[in-house]
Amino acid sequence: MKNNEVLHIDIPQFQNDLISWYQDNKRDLPWRKDQDPYKVWVSEIMLQQTKVDTVIPYFNQFIKKFPSVQDLAKAEEQDVLKSWEGLGYYSRARNLQNAIREVMASYEGTIPANSADLGALKGVGPYTKGAILSIAYNQPEPAVDGNVMRVLSRILKIDEDIAKPRTKKLFEEIVRELISRADPSSFNQGMMELGAIVCTPKNPMCMLCPVQRHCHAFAEGIENELPVKSKGKKQKTVPYVALLIQNKQGKYLIEKRPDTGLLANLWQFPMISIAETGFNQIPDWFEKEYGINVRLKREAGRLKHVFSHLIWELEVHQAVSSDTKTNRKDAQFVSQNEMKAFPFPVSHQKMMQFL
DNA sequence: AACACGGGGTC
DNA sequence: GACCCAGTGTT
C-alpha cells in the first residue's frame with residue numbers, strides 16, 4: 001500500500017493540533033524533567049510493554065541508585081536486577097547494562113545521536129532508537145509503539161493487522177511523512193500521550209480528542225472497530241513441585257537460574273518439573289543433582305503464576321536437610337534476612353509467604 | 001514471520 | 001478469562 005493512498009489529512013494542521021494539545025495536557029512525569037539522553041533511555045526501556053504508573057517508582061529508584069552512564073556501567077549485574085525486581089522482562093535490564101558498558105567502551109560515555117550506532121546497541125530496537133533520537137536529540141525519527149499504531153489506524157482508517165511486523169513498518173513510513181520537523185519530540189510524545197489518555201483501546205474519548213476533526217474512524221463511527229489485531233495463542237500450563245528446604249541452621253536453599261531464557265540470572269527456590277521427575281524420586285534427585293539429603297515434610301500451599309506465554313502451577317512443599325552445603329555452583333543456603341539481597345521473580349516472592 | 005520473554009491493570 | 005501495555009531478540 002502506498003502511503004499517499006492513506007494520508008488524507010491536512011498534515012500541518014494535524015501537527016499543530018496534536019502538539020498544542022500535548023504541550024497543554026502532558027502529564028508531569030519524572031523522565032520529563034529534562035532531556036538527559038540517559039534518563040530518556042532508561043525510561044523508554046522500562047516503559048516497554050509496561051504501564052506508566054508501574055514504571056514511575058522503579059524509574060525514580062533506579063536513577064537515584066544509578067544516576068549516570070558511568071554508575072550503571074560499573075554496577076554489579078545482580079544489583080541492577082535487584083532494582084528491576086518485579087518489573088518483568090528482565091533481559092531489558094541486562095541488555096541495558098550491556099549497552100551502557102558499550103557506550104563507555106566505544107563512545108567515551110556519550111550516548112550516540114545517530115541511528116546506526118544507537119540501533120546497534122543491545123535492547124535498542126526501532127522504537128527505542130526513534131524515541132531517544134526524537135526526545136533527547138530532537139531528530140525527526142519515527143517512534144512507533146502500540147499507541148501510535150492504534151491512533152493512526154483510527155485517524156487514517158487503516159485496517160491492516162497491527163500484530164504483523166509488516167504493519168509496523170507501514171506506520172513507520174507514514175510517521176516519516178507526518179512528523180513535525182519543527183518539534184519531533186512533542187509530536188512523537190503527543191501521539192503516545194494521546195493513545196494513553198484519549199485514544200484508548202476501549203471506549204476512546206473522541207469528544208475530548210484534539211485531532212477529532214482529522215479522524216476518519218470517528219467520522220464513520222467505527223473507532224471501536226480499529227485497530228485490527230489478530231489474537232495470540234494461549235499459554236501452556238506446566239506443573240512443578242517447588243521446595244522450601246530448611247537446614248539445621250534455619251537457612252533455606254536457593255539457586256541462581258541459568259543466564260539465558262526465562263527469568264535469566266534471577267534466584268529461586270529449587271523446583272522440579274513433575275512431568276519429568278516423579279514425586280517420590282525427589283529425594284534421590286536432590287542427592288544426585290545437589291549432593292544434599294532432603295526429606296519432605298508437608299505441603300505448604302499451591303499457587304498459579306501466569307506469564308505472557310505460559311502458566312506455572314506450583315505445589316510448594318516444606319522440606320528439611322541435614323546438610324549445610326551443596327555441591328552445585330550457584331546454589332546456597334541463606335537466612336531469610338540474607339535472602340533479601342537476591343533478585344527473585346514475583347512467583348518465588350509469593351512462595352516466601354509460606355516461610 | 002512466529003515465538004520467547006513478566007507482571008499488573010482493566011473490563 | 002481476555003486484552004492491553006512507550007518492544008526486542010532469536011529462530
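Remember, predicted model here, so these are calculated numbers, not experimental data. Letters A, B, ... are given to chains in the order of the sequence lines, protein chains preceding strands, and every chain is numbered from 1.
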Checklist line | Length of the OH-P vector between A:Y89 and C:dA6, whole Å | finding: 13 Å
Next item on the list: Just jot down the salt bridge (Lys or Arg N to Asp or Glu O under 4.0 Å) partners of A:K122, sequence neighbours excluded, or say none.
Entry: none
Notebook entry, point to check: Given that A:P165 and A:H305 both sit by DNA chain B, which one's nearest nucleotide is further toward the 5' end?
Noted result: A:P165
Note to self: Quiz question: by atom type and distance under 3.5 Å, do the side chains of A:Q78 and A:W267 form a donor-acceptor pair?
What the structure shows: yes
Notebook entry, point to check: Does A:R150 put a side-chain nitrogen or oxygen below 4.0 Å from OP1 or OP2 of C:dC4?
Noted result: no
Note to self: According to ring-ring contact (aromatic ring centres under 6.0 Å, His included), who are the partners of A:W31, at least two apart in sequence or on a separate chain?
What the structure shows: A:F59
Notebook entry, point to check: Between which nucleotides of DNA chain B, read 5' to 3', does contact with chain A run, using atoms under 4.0 Å from its heavy atoms?
Noted result: B:dA1 to B:dG8
Next item on the list: Kindly write out the residues that satisfy side chain to side chain donor-acceptor pair (under 3.5 Å) with A:W41, not counting sequence neighbours, or none if the list is empty.
Entry: none
Check: Quick one: does A:N95's side chain have a donor or acceptor within less than 3.5 Å of a partner on A:S91's backbone?
Finding: yes
Next item on the list: Take atom P in B:dC3 and the same atom in C:dC3, then report the distance between them in whole Å.
Entry: 16 Å
Notebook entry, point to check: Can you tell me how far C1' of C:dA6 sits from CZ of A:F59, to the nearest Å?
Noted result: 13 Å
Notebook entry, point to check: How would you label the contact of A:S308 with the nucleic acid (heavy atoms, under 4.0 Å): base, sugar-phosphate, or nothing?
Noted result: base
Note to self: In whole Å, I'd like the distance from the OH atom of A:Y127 to the C1' atom of C:dC5.
What the structure shows: 12 Å
Margin query: Determine whether a donor-acceptor pair (N or O, by modelled atom type, separation under 3.5 Å) exists between the side chain of A:R92 and the backbone of A:Y89.
Written below: yes
Check: Reckon A:K168 has a side-chain N or O less than 4.0 Å from the OP1 or OP2 of C:dT8?
Finding: yes
Margin query: Taking only the P atom of each, what is the distance from B:dG6 to C:dT11 in whole angstrom?
Written below: 15 Å
Next item on the list: Give a yes or no on whether the backbone of A:S335 and the side-chain of A:E338 come within a donor-acceptor separation of less than 3.5 Å.
Entry: yes
Margin query: Does atom NZ (A:K157) have a neighbourhood of more than 12 heavy atoms from anything else shown, all under 6.0 Å?
Written below: no
Notebook entry, point to check: Counting any heavy atom closer than 4.0 Å, what does A:G86 reach on the DNA or RNA strands: base, sugar-phosphate only, or nothing?
Noted result: sugar-phosphate
Check: Does any donor atom in the side chain of A:N265 or A:E77 lie under 3.5 Å from an acceptor atom in the other side chain?
Finding: yes
Check: Which is true for A:F307 with a 4.0 Å heavy-atom rule: it touches a base, it touches only sugar-phosphate, or it touches nothing?
Finding: sugar-phosphate
Check: Taking atom types as modelled and ignoring hydrogens, do the side chains of A:N98 and A:R101 form a donor-acceptor contact shorter than 3.5 angstrom?
Finding: no
Check: NA contact type, A:G261, heavy-atom cut-off 4.0 Å: base, sugar-phosphate, or nothing?
Finding: sugar-phosphate
Margin query: I need the NZ-P distance between A:K202 and C:dC5, as an integer number of Å.
Written below: 10 Å
Item checked: For atom CG of A:D145 and atom P of C:dC5, their distance in whole Å -> 8 Å
Notebook entry, point to check: Nearest nucleotide by nearest heavy atom, which residue falls closer to the 5' end of DNA chain B, A:T167 or A:L263?
Noted result: A:T167
Note to self: Could you tell me how far apart A:M192 (CE) and C:dC5 (C1') are, to the nearest whole angstrom?
What the structure shows: 13 Å
Next item on the list: Evaluate whether atom CZ of A:R295 has more than 12 neighbouring non-hydrogen atoms of other residues, nucleotides or ligands under 6.0 angstrom away.
Entry: no
Next item on the list: Give A:R94 one of three labels, base, sugar-phosphate or nothing, depending on what nucleic acid heavy atoms sit under 4.0 Å from its own.
Entry: nothing
Margin query: What is the separation between atom CE on A:M149 and atom P on C:dC3, rounded to the nearest whole Å?
Written below: 16 Å
Note to self: Measuring only the P atom in each nucleotide, how far is C:dA6 from B:dT10? A whole number of Å is fine.
What the structure shows: 13 Å
Item checked: Of residues 40-49 of chain A, the positions that come close to DNA chain C - non-hydrogen atoms, cut-off under 4.0 Å -> A:E44, A:L47, A:Q48, A:Q49
Checklist line | Backbone N/O of A:L262 and side chain of A:Y90: donor-acceptor pair under 3.5 Å | finding: no
Margin query: side chain to side chain donor-acceptor pair (under 3.5 Å), that's the test. Do A:K297 and A:H317 meet it? Break it down for me.
Written below: CA-CA 7 Å; A:K297 299 288 281 185; A:H317 285 257; over 6 Å; no
Margin query: Taking any heavy-atom pair under 4.0 Å as a contact, classify A:K234: base, sugar-phosphate, or nothing.
Written below: nothing
Margin query: Need one value for A:L310: base, sugar-phosphate or nothing, where a base atom within 4.0 Å counts as base even if backbone is also close, heavy atoms only.
Written below: nothing
Next item on the list: Whole angstrom is fine here: how far is it from CZ in A:F171 over to C1' in C:dA6?
Entry: 16 Å
Next item on the list: Indicate yes or no: does A:D161 engage A:K229 in a salt bridge with an N to O separation below 4.0 Å.
Entry: no
Item checked: Given DNA chain C, 5'-ward residue of the pair A:K231 and A:V144, judged by closest heavy atom -> A:K231
Notebook entry, point to check: How would you label the contact of A:R257 with the nucleic acid (heavy atoms, under 4.0 Å): base, sugar-phosphate, or nothing?
Noted result: nothing
Measure all distances between protein nitrogen or oxygen atoms and nitrogen or oxygen atoms of nucleotides 9-11 of chain C, and list the pairs falling under 3.5 Å.
unit_1 : atom_1 : unit_2 : atom_2 : d
C:dG9  : OP1    : A:G123 : N      : 2.3

Margin query: Roughly how many Å apart are C:dC5 and B:dA1, using the C1' atom of each and rounding to a whole number?
Written below: 22 Å
